[in-house]
Amino acid sequence: MQIANMNWFQLDTYLKHDNRVILPLGSTEQHAWLSLCTDHILASRLANEVGDLCGVPVYPGLPFGMAPYFSAFPGTISLTPDTYQRLISDILTSLYTSGFRRILIINGHGGNSPVQAQIHHWLNQHPGARVLLHNWWSAPHTRRQVQHCATNASHASWMENFPWTRLAGVTLPDHEKPALDVAQLAQLPAGAVREYIGDGNYGGQYQRSDEEMLAIWQTARQETRQLLEHGWVEPTAGQR
Ligand SMILES: [Zn+2]
């Protein structure tokens, strides 16, 4: 149920019997040999599939997030934390004003996760609302499914290489890259990050079988659906 395929009358009717909505958060940033829009593609696709399964409206995904460490790679767009937090707050307020009260944010990018603090700040001002920030790739069942395939798995490695994020005509390296030292990475400005991480893969093979990837995707769908259907904490009487 993409918002792009609904008019306001239809949404008005929906809001008479349900108050859930999905907002995907992505990023446009280097993903080694994969699409620059990998995080955006994955979060939006997961949101649309689960929204369709459950009959819940899905907003267009935000294609830009916080990725300052990748600024030295061509194509990366990074919003400052201040801009991003204001953006998320404004969107949440608009959703609330429309009548939504249970907002599932499907986040596809680790660099966006600090927005949780802003969400709490917003919830303090809207105690009757619920906002669930779901970092889909690191949720327990999905993470377990990934680790079941290979433990060396990270940003821009095989674990993000789905049929819908790999690019036609691009030949992938066939070796396994050793895992990067993330603590070391965190100390560096963007130019040094680019030097340190080379092609951009944080560690792992570049591709695994579609069978394994589809199993991971299936797990992510089930886990996300479970949250959308049963992951909400009921407001107490005073919060309604
Ligand atoms: Zn990614």
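These figures come from a predicted structure and were not determined experimentally. Start at 1 with the first residue, then count along the sequence.
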Run the ring-centre check on F64 versus H40 and record whether the distance is less than 6.0 Å.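 No, too far apart.
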
I want to check something: taking the side chain as every heavy atom from C-beta on, are [X] and [Y] in contact at a cut-off of under 4.5 Å?
X: H121; Y: Q125; value: yes
X: L36; Y: I77; value: no
X: L34; Y: Y206; value: no
X: R102; Y: D18; value: yes
X: Y69; Y: L188; value: no

How long is the span from the [atom1] atom in [X] to the [atom2] atom in [Y], to the nearest 0.5 Å?
X: H134; Y: I106; atom1: NE2; atom2: CD1; answer: 6.0 Å
X: Q205; Y: Q207; atom1: CD; atom2: CD; answer: 10.0 Å
X: L214; Y: T219; atom1: CG; atom2: OG1; answer: 10.5 Å
X: F73; Y: S71; atom1: CZ; atom2: OG; answer: 10.5 Å
X: L46; Y: L42; atom1: CG; atom2: CG; answer: 8.5 Å
X: Y84; Y: Q118; atom1: OH; atom2: CD; answer: 11.0 Å

Under 3.5 Å: donor-acceptor pair, side chain of [X], backbone of [Y]:
X: R130; Y: V233; result: yes
X: E160; Y: A156; result: yes
X: T76; Y: Q30; result: yes
X: W33; Y: N201; result: no
X: T28; Y: P63; result: yes
X: D12; Y: W8; result: no
X: R101; Y: Y96; result: yes
X: T165; Y: T38; result: no
X: Y196; Y: L180; result: no
X: T151; Y: Q147; result: no

Residue pair S154 / S157, side-chain donor-acceptor N/O under 3.5 Å: no

Could you tell me whether the side chains of E212 and W158 share a donor-acceptor contact shorter than 3.5 Å?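 Not at all, the side chains of E212 and W158 share no donor-acceptor pair under 3.5 Å.
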
How far apart are the C-alpha atoms of H109 and E29, what are their side-chain angles, what is the distance that settles it, and do they pass the side-chain hydrogen bond (donor to acceptor under 3.5 Å, both in side chains) test? CA-CA 10 Å; H109 172 51; E29 61 182 46; 3.2 Å; yes

For [X] and [Y], take the angle between the two ring planes, folded into 0 to 90°, and tell me which bin it lands in: parallel under 30, tilted 30 to 60, perpendicular over 60.
X: W164; Y: F162; result: parallel
X: Y14; Y: H17; result: perpendicular
X: H155; Y: H31; result: tilted

Short N-O contact, D210 and R166, less than 4.0 angstrom: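 R166 and D210: salt-bridged.
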
Are any of the side-chain nitrogens in D82 or R86 under 4.0 Å away from the carboxylate oxygens of its partner? yes

N7, CG atom: more than 12 neighbouring heavy atoms under 6.0 Å: yes

Answer yes or no: are there more than 12 heavy-atom neighbours, outside W232 itself, under 6.0 Å from its atom CH2?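 Yes, CH2 of W232 has more than 12 neighbouring heavy atoms, counting only those of other groups under 6.0 Å.
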
Please identify which of these residues, N107, N112, T142, meets the side chain to side chain donor-acceptor pair (under 3.5 Å) condition with N135.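 It is N107, the one option of N107, N112, T142 that forms the side chain to side chain donor-acceptor pair (under 3.5 Å) with N135.
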
Please give me the minimum heavy-atom distance between [X] and [Y], naming the atom from each residue.
X: L23; Y: P60; result: CD1-O, 4.2 Å
X: P74; Y: R194; result: CD-NH1, 3.6 Å
X: I22; Y: A47; result: CG2-CB, 3.7 Å
X: C149; Y: I216; result: SG-CD1, 4.1 Å
X: G99; Y: N19; result: O-CB, 3.9 Å

Within 45° cone and under 6.0 Å: R20 NZ/CZ vs F100 ring: no

Treating Ile, Leu, Val, Met, Phe, Trp and Tyr as nodes and any side-chain heavy-atom pair under 4.5 angstrom as an edge, say whether I105 and L79 lie in one connected cluster. yes

Kindly determine whether S209 and E211 satisfy side-chain hydrogen bond (donor to acceptor under 3.5 Å, both in side chains), including the steps that lead there. CA-CA 5 Å; S209 74; E211 197 185 350; 4.8 Å; no

